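Worth saying up front: this structure is predicted, and the values here are computed from it rather than measured.
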Amino acid sequence: MSIPVITLLTIVLCSGILISGFLAVTLDNMLSAVISAGLASLFASVVYVVLAAPDVAMTEASIGSGLTTMIFLYAIRKTQGED
């Protein structure tokens, strides 16, 4: 009994989503947390490609990991106080 490659790849990528999400919640550094959340979204877009949903993957990659991460990084840069 062998596990199909698609199933194994999906399990590995979903594990990456869980680890990145956990890091995004637990990290103290805001910049690292935002990058980790973007990485989780990027893993999700790859999972959508593996599961044969390229339209959802393109949307997730452009909006979820691209635009949202850039907006968060811009907000962090604008809200940093000069101490």
Side-chain angles (χ1 to χ4, degrees):
M1 181 173 107
S2 66
I3 299 174
V5 175
I6 299 291
T7 304
L8 186 61
L9 183 61
T10 304
I11 290 171
V12 169
L13 289 170
C14 289
S15 299
I17 293 170
L18 290 173
I19 292 168
S20 297
F22 178 75
L23 286 174
V25 172
T26 58
L27 287 174
D28 290 333
N29 186 357
M30 187 68 70
L31 182 64
S32 298
V34 168
I35 291 173
S36 181
L39 186 62
S41 183
L42 191 62
F43 278 136
S45 66
V46 175
V47 168
Y48 292 138
V49 169
V50 170
L51 296 176
D55 52 341
V56 179
M58 288 189 328
T59 304
E60 179 67 30
S62 62
I63 303 296
S65 65
L67 183 64
T68 305
T69 303
M70 289 301 147
I71 289 173
F72 282 148
L73 291 176
Y74 179 75
I76 288 171
R77 189 176 65 125
K78 285 295 187 180
T79 58
Q80 285 179 344
E82 295 182 22
D83 293 338

Cluster link Leu51 to Val46, ILVMFWY, side chain under 4.5 Å: yes
task: Report yes or no: does Ser36 contribute a side-chain atom to a donor-acceptor pair with the main-chain N or O of Ser32 at less than 3.5 Å?
output: no
Non-hydrogen atoms of Gly64 and Ser41 that approach each other most closely: C-OG, 3.1 Å
query: Does Val47 belong to the same Ile/Leu/Val/Met/Phe/Trp/Tyr cluster as Val56, with side-chain heavy atoms less than 4.5 Å apart forming each link?
result: no
message: Rounded to the nearest 0.5 Å, what separates atom CD1 in Ile76 from atom CG in Leu31?
response: 6.0 Å
message: Donor-acceptor pair, distance only, cut-off 3.5 Å: does the side chain of Ser20 make one with the backbone of Ile17?
response: no
- request: Provide the closest heavy-atom pair for Ala24 versus Ala37 in the form atom of the first, atom of the second, distance.
  value: CB-N, 3.9 Å
- prompt: Sub-3.5 Å donor-acceptor pair from the side chain of Thr59 to the main-chain atoms of Asp55, do we have one?
  reply: yes
message: Using 0.5 Å steps for rounding, measure from the CD1 atom of Ile11 to the CD1 atom of Ile6.
response: 12.0 Å
- prompt: If you round to the nearest 0.5 Å, how far is OG1 of Thr69 from CD1 of Ile35?
  reply: 8.5 Å
Common cluster, Met30/Phe72, ILVMFWY with side-chain heavy-atom separation under 4.5 Å: yes
task: Report yes or no: do Leu39 and Leu18 belong to one cluster of Ile/Leu/Val/Met/Phe/Trp/Tyr joined by side chain heavy-atom distances under 4.5 Å?
output: no
query: Could you give the distance from CG (Leu42) to CG (Leu13), rounded to the nearest 0.5 Å?
result: 10.0 Å
- prompt: How many angstroms lie between atom CD1 of Ile71 and atom CG of Leu67, to the nearest 0.5 angstrom?
  reply: 4.0 Å
